[in-house]
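The structure displayed is predicted, hence computed values, not measured ones.
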Amino acid sequence: MVASADGRATIAANAPPWLATAGAGDVLAGMIAGLLAQGVPAFEAASIGAWMHGERRARRSRSDRGRSAGGAPAVFRRLYDEFGIDY
């Protein structure tokens, strides 16, 4: 869940429970920091990062959960294709 002081809130319902493991927060923080560095406002960066983090982990098997950083390129490709962004 991401919440802001102005009352906005989002829930990353796609996030599997095994994200509650060591290192997963580091990956999430890096994703959010990357979005912030591109000028995305804080609430939106946190919401997008949380969704992307959940999406990339939901696509991976539970047995593969030890490799926290994997899966992100596939999520980016899916989003780029869906929105017609040339990469």
Might you point out which heavy atoms bring [X] and [Y] nearest each other, and give the distance in Å?
{"X": "Pro16", "Y": "Gly54", "answer": "CD-O, 3.6 Å"}
{"X": "Ala50", "Y": "Ala12", "answer": "O-CB, 3.7 Å"}
{"X": "Leu35", "Y": "Ala45", "answer": "CD1-O, 3.5 Å"}
{"X": "Asn14", "Y": "Trp51", "answer": "ND2-O, 3.0 Å"}

| query | Out of curiosity, does Met52 fall in the hydrophobic cluster containing Phe43 (side-chain heavy atoms, cut-off under 4.5 Å, transitive links)? | reply | no
| said: With a 4.5 Å cut-off on side-chain heavy-atom distances among I, L, V, M, F, W and Y, is there a chain of contacts connecting Val40 to Val27? | reply: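 Yes, because Val40 and Val27 connect within a single hydrophobic cluster, where side-chain heavy atoms sit under 4.5 Å apart.
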| How long is the span from the OG1 atom in Thr10 to the CD atom in Glu44, to the nearest 0.5 Å? | 9.0 Å
| said: Given 3.5 Å as the limit, does a donor-acceptor pair link the side chain of His53 with the main chain of Ile32, or not? | reply: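 Side chain of His53 to backbone of Ile32: no pair is present.
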